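Right, one structure below, let's go through it.
Computed from heavy atoms alone, side chains included, the values below leave out hydrogens, waters and symmetry copies. Just so you know, these numbers come straight off a predicted model, no measurement behind them.
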Amino acid sequence: MLDPRTVRTEPDAVRASQTARGADPTVVDRYLDLDRSRREAIAAFEELRARQKQLGRRIGPAQGALKRADAADRDQLQREVDALLSEAAGLADEVKAAEARSAALQSELDEVALDLDNLVDPAAPVGGEEDFTVITEVGEARDFAAEGFEPRDHLELGSRLRAIDVERGAKVSGSRFFYLTGDGALLELALLNLAMSLATRNGLTPVIPPALVNPAAMAATGFLGQAAENVYHLQDDDMYLVGTAEVPLAGYHADEILPAEDLPLHYVGFSPCFRREAGSHGKDTRGIIRVHQFDKVEMFTYCDPADAVAEHDRLLSWEREFLDQLEIPYRVIDVATGDLGASAARKFDIEAWIPTQGRYREVTSTSNCTTFQSRRLNTRFRAADGTVAPVATLNGTLVAMPRVIVALLENHQDANGDVRVPAALQPFLGGREWLRAPQ
RNA sequence: GGAGGCGUCGCAUAGUCUGGUCUAGUGCGCCCGCCUGCUAAGCGGGUUGAGGUCUCAAAGCCUCUCGAGGGUUCAAAUCCCUCCGCCUCCGCCA
């Protein structure tokens with residue numbers, strides 16, 4: 001949700017931002033029209049309501065006087081009370097009508113406001129999905145030809161190691177489900193522990209949140225908008241399965257005013273993630289690149305909006321630190337305006353090199369949502385001078401398990417199909433240097 | 001799943017039975033000022049959030065806000081309904 005004052009005072013900037021995203025800029029004008037009508041309706045209602053209150057305050061005393069009155073005064077007072085009551089009754093109807101009109105315009109405005117995406121950061125590259133800019137490339141893709149063997153893909157490696165089982169996943173749950181077994185299961189736990197130790201060393205607070213949330217939490221994070229078709233909904237209980245820990249971490253401080261001295265707040269949540277993957281039939285059908293359920297470690301920051309850009313860089317640096325430790329080649333891209341998602345002003349993706357695909361694939365993503373998300377969540381902070389204002393929120397992936405496992409297996413395989421364990425991960429795998437197929 | 005109790009402006013509490021004098025009182029905490037070698041005490045004032053209006057801005061004025069949403073009424077913290085949360089007891093259960 002944008003600040004209404006921004007739309008009012010800088011409509012051109014909002015239009016330009018919408019255009020950069022490939023979204024509709026004329027929403028701004030519909031918004032401004034409705035906003036004007038709404039404010040007129042509020043003024044009309046409040047004026048009537050004030051009159052009603054003034055009138056109402058005279059009724060009690062008048063009735064009291066009537067009760068105590070002598071017979072002589074009674075008729076006169078009775079007439080006065082009756083007059084007051086009938087005037088108040090008429091006014092009550094007007095108030096009710098004016099209030100209804102004002103409420104109707106408010107909800108219309110709220111509806112239109114949903115079509116206004118966050119203002120893009122001027123630093124973000126303008127364009128569509130393909131117009132990202134590459135910020136940096138780290139590490140080098142192995143030359144398997146020079147090493148004299150053809151790399152196996154993650155599913156082949158995972159099956160050989162008895163680490164990944166998609167057949168039984170499909171048997172029990174359907175396509176896009178999988179089991180991690182043996183070293184596969186241990187590998188996820190090792191990645192989790194490495195991530196958590198890195199996060200706590202950097203001062204983040206670990207959180208294990210609920211993965212099932214109510215409609216308010218889901219809506220406030222914006223996932224019931226265009227992403228709604230990818231969200232699992234439990235009809236009987238009207239609950240949603242989260243697609244990321246961002247949802248419960250964002251909802252954590254909803255409707256709160258945080259003391260400025262507590263900021264920035266850094267959380268790191270570990271949760272299962274559920275995604276329906278509607279509309280991606282036929283895409284990434286092999287292996288565990290795209291699945292309906294996986295586990296993820298997600299960072300979430302609440303901060304003073306003035307610090308948001310610096311905090312965004314911190315999240316990115318923590319993501320990079322993690323991949324550096326896994327010795328996986330990757331590149332960092334600055335996502336283009338057309339591919340940001342409604343909440344983000346700017347987004348950096350880290351893409352790991354996947355040898356058997358011969359290209360980079362997204363493994364983590366970090367977004368600066370500025371105050372867009374917090375306005376809907378109603379999460380604010382009290383500055384030193386006592387003023388209250390929306391906080392900025394940012395999120396970033398530390399580990400999305402399946403994709404990191406894919407990158408790890410493929411990049412660290414040897415000619416036999418065994419997989420080298422990077423040094424940083426060894427302490428979390430009982431000191432083992434290799435994952436080898438069981439006999 | 002069943003029965004009962006509770007939810008008030010940071011915290012604690014009054015008000016709800018019996019609707020209007022609640023423009024929500026009081027204590028504590030916090031902030032400002034006075035007083036004072038300093039500190040404490042004492043004295044005075046302030047202290048929810050949102051929206052609207054006015055304004056360069058502020059002050060001011062108005063409306064809403066007593067867990068949430070509806071209803072009754074000229075008028076709701078107060079009466080009625082639904083929902084949410086917490087507590088106690090019973091049942092079931094990892």
With [atom1] as the reference atom in both, quote the distance from [N] to [M] in angstrom, rounded to an integer.
N: rC61(B); M: rU23(B); atom1: C1'; result: 14 Å
N: rG25(B); M: rC80(B); atom1: P; result: 25 Å
N: rG60(B); M: rC54(B); atom1: C1'; result: 9 Å
N: rA77(B); M: rG7(B); atom1: P; result: 16 Å
N: rU78(B); M: rG15(B); atom1: C1'; result: 9 Å
N: rC22(B); M: rC30(B); atom1: P; result: 30 Å
N: rA59(B); M: rU21(B); atom1: C1'; result: 31 Å
N: rU65(B); M: rG49(B); atom1: C1'; result: 7 Å

Answer yes if the side chains of [X] and [Y] hold a donor-acceptor pair under 3.5 Å, and no otherwise.
X: Q18(A); Y: R21(A); value: no
X: R5(A); Y: T9(A); value: no
X: T244(A); Y: K296(A); value: yes
X: S343(A); Y: N118(A); value: no

Ring-plane angle category for H266(A) and W318(A), please: parallel below 30°, perpendicular beyond 60°, tilted otherwise.
perpendicular
Over 60° means perpendicular and under 30° means parallel, so classify the ring planes of H233(A) and Y240(A), tilted if in between.
parallel
If we call it a pair only when both distances are under 3.5 Å in a Watson-Crick or G-U wobble match, what pairs with [N]?
N: rA57(B); answer: none
N: rC38(B); answer: none
N: rC79(B); answer: rG71(B)
N: rC64(B); answer: rG49(B)
N: rG27(B); answer: rC11(B)
N: rA3(B); answer: rU88(B)
N: rG33(B); answer: rC43(B)

Checking salt bridge (charged side-chain N to carboxylate O under 4.0 Å, His left out) between R15(A) and each of D117(A), D29(A), D24(A), which is the one that passes?
D29(A)
Mind calculating the distance between [atom1] ([X]) and [atom2] ([N]) to the nearest angstrom?
X: E99(A); N: rC74(B); atom1: CD; atom2: P; value: 16 Å
X: E87(A); N: rC74(B); atom1: CD; atom2: C1'; value: 10 Å
X: I59(A); N: rC74(B); atom1: CD1; atom2: P; value: 9 Å
X: D238(A); N: rC83(B); atom1: CG; atom2: P; value: 14 Å
X: K96(A); N: rA75(B); atom1: NZ; atom2: C1'; value: 12 Å
X: Q52(A); N: rG20(B); atom1: CD; atom2: P; value: 17 Å
X: L48(A); N: rC74(B); atom1: CG; atom2: P; value: 17 Å

In the 5'-to-3' direction, what one-character label does each nucleotide of nucleotides 45-64 of chain B receive under the scheme B = base within less than 4.0 Å of a protein heavy atom, S = sugar-phosphate only, - = no such atom?
----SSBSS--------BBS
With side chains defined as the heavy atoms from C-beta onward, is the minimum distance between M299(A) and E319(A) less than 4.5 Å?
yes
